[in-house]
Amino acid sequence: MARRVRGEEPELTGGAPPIDVGASAHYEDPEYYDFAYRDRRDDVAYYARLARLSGGPVLEYGVGTGRIAVELCRAGIDVTGVDASAPMLAALERRFAREPESVRRRMHAVRGDMRTARVAGEFPLVIAAFNTILHLTERSDFERFFSGVRHHLSPRGRFVFDFSVPHADYLGADPQRTYGAPRFRHPKSGLVRYRERFEYDSFRQVLLMELHFLPESGEAPWVVPLTHRQLFPREVEALLHYNGFSDIHWTADFTDAPPEQGADSLVVSCRAVADAAHGKIRRPRQPRRTKRRA
């Protein structure tokens with residue numbers, strides 16, 4: 001939740017909030033979320049192209065306000081979206097209320113934890129866009145989530161997701177200071193000054209980002225914590241391999257280009273191992289018994 005404090009500027013918290021708070025607080029204000037990411041379009045076009053190629057339907061984890069899902073539905077693709085945030089799903093409903101019936105009927109939203117949610121049907125394309133996977137922190141989180149992905153993939157379906165590359169400037173930032181950014185007009189609070197603080201837990205590989213909002217109207221300032229697990233490419237490859245995925249492909253920044261030094265986002269595409277996709281265990285073949293010659 002957003003933590004409001006008195007004074008000219010929010011004081012430094014001196015420590016990371018619980019992981020579940022940092023994974024949810026940013027999504028309690030969908031109006032600001034849509035405002036902040038209104039110019040983020042490359043990923044929308046990328047996933048819409050994949051959806052059209054797959055033919056649908058699509059399962060989207062972390063569907064949020066429907067920023068991507070609405071474009072898929074407009075393209076004639078049925079989408080089932082899973083999200084844990086009630087405010088984000090309410091905003092999704094408002095977004096789709098403005099769409100024609102032909103688009104609205106293609107969207108089915110489910111509130112649930114992406115680690116445990118189960119929906120009906122199989123999907124040729126399962127996606128988790130815009131750092132959704134960075135809200136998984138423990139090995140058990142990944143194991144449960146990947147198990148659900150495999151459960152929902154059709155036999156030749158693909159799982160595609162993206163995540164931000166860990167950046168040294170954020171991991172090495174001084175946690176005792178805040179970093180300024182240009183002021184802007186908040187959709188609810190008017191003109192605000194904005195600052196950020198970063199604190200990296202190198203053992204847990206979790207980056208805390210504090211978003212500091214200081215309204216010029218005199219309204220009390222507030223801080224929104226956001227936590228992201230920092231994932232490194234070879235680590236992701238191993239997690240996928242040991243959780244039943246193969247045919248792993250990497251591209252950079254929502255293009256078809258291979259990753260290079262300096263990429264901001266990595267896109268991963270993979271398939272479930274055939275037996276793992278249906279929960280079957282591949283058993284070693286028993287040696288054939290032969291009759292002993294007399």
Side-chain angles (χ1 to χ4, degrees), residues 1-44 62-71 81 83-99 109 111 129-132 134-135 164 167 169-201 206-228 264-265:
M1 66 185 62
R3 290 178 290 180
R4 296 182 179 271
V5 298
R6 297 177 180 176
E8 172 65 17
E9 180 175 341
E11 61 185 23
L12 299 182
T13 62
I19 294 296
D20 58 345
V21 174
S24 62
H26 187 46
Y27 310 110
E28 293 180 3
D29 187 355
E31 288 79 13
Y32 170 70
Y33 180 92
D34 282 339
F35 170 82
Y37 304 116
R38 65 194 183 281
D39 295 328
R40 185 181 172 89
R41 301 296 300 170
D42 289 347
D43 59 343
V44 176
V63 67
T65 65
R67 185 178 62 90
I68 292 174
V70 71
E71 295 298 334
D83 204 287
S85 170
M88 296 289 273
L89 290 177
L92 179 145
E93 185 174 356
R94 293 192 294 271
R95 182 194 295 272
F96 273 85
R98 300 190 293 269
E99 297 292 324
R111 186 181 181 192
F130 196 13
N131 293 328
T132 293
L134 298 187
H135 291 305
S164 298
H167 199 291
D169 286 350
Y170 299 144
L171 305 189
D174 182 355
Q176 297 304 313
R177 62 167 291 191
T178 59
Y179 299 83
R183 65 179 185 173
F184 65 93
R185 190 166 296 280
H186 190 280
K188 292 181 179 178
S189 300
L191 200 62
V192 300
R193 286 176 288 143
Y194 178 75
R195 302 186 69 83
E196 296 175 337
R197 185 179 81 88
F198 304 93
E199 182 175 342
Y200 181 51
D201 182 332
V206 173
L207 176 66
L208 163 68
M209 295 160 278
E210 283 186 345
L211 317 181
H212 293 229
F213 300 88
L214 296 88
E216 296 198 344
S217 65
E219 176 187 355
W222 71 95
V223 178
V224 177
L226 174 63
T227 51
H228 276 170
D264 289 324
S265 296

With no hydrogens and no angle check, is any side-chain donor or acceptor of [X] less than 3.5 Å from a backbone partner on [Y]?
X	Y	result
S189	H186	no
N131	S164	yes
D29	Y32	yes
R95	T65	yes

Practice task
Scan side-chain atoms only and decide if H135 and Y27 contain a donor-acceptor pair under the 3.5 Å cut-off.
Solution key: yes

Practice task
Would you tell me whether E28 and H26 have side-chain atoms, one donor and one acceptor, within less than 3.5 Å of each other?
Solution key: no

Handout entry: Carboxylate-amine/guanidinium proximity below 4.0 Å for E99 and R94
Key = no

Handout entry: Nearest heavy-atom neighbours spanning A25 and P225
Key = CB-O, 3.6 Å

Exercise for the section: For residues L207 and F198, report the shortest heavy-atom separation together with the two atoms involved. Expected result: CD1-CB, 4.3 Å

Student check: side-chain heavy atoms of [X] and [Y] closer than 4.5 Å:
X	Y	result
V206	T227	yes
P175	R197	yes
R67	V44	yes
E71	R41	yes
D43	I68	yes
H212	E196	no
L89	V63	yes

From [X] [atom1] over to [Y] [atom2], what is the distance, rounded to the nearest 0.5 angstrom?
X	Y	atom1	atom2	value
Y37	F130	OH	CZ	4.5 Å
R195	T178	CZ	OG1	3.5 Å
L191	R185	CG	CZ	5.0 Å
H228	T132	NE2	OG1	8.5 Å
Y200	L208	OH	CG	13.0 Å
L214	E219	CG	CD	10.5 Å

Handout entry: Evaluation steps, salt bridge (Lys or Arg N to Asp or Glu O under 4.0 Å), between R183 and E216
Key = CA-CA 10 Å; R183 65 179 185 173; E216 296 198 344; 3.0 Å; yes

Exercise for the section: Might you confirm whether atom CZ of R40 has over 12 heavy atoms from other residues, nucleotides or ligands at distances under 6.0 Å? Expected result: yes

With sequence neighbours excluded, residues passing side chain to side chain contact (heavy atoms under 4.5 Å, CB included) with [X]:
X	result
D201	F203, R204
P87	P30, S85
D174	Q176, R177, Y179

Problem - Ring centre gap for F213 and Y194 strictly below 6.0 Å - result: yes

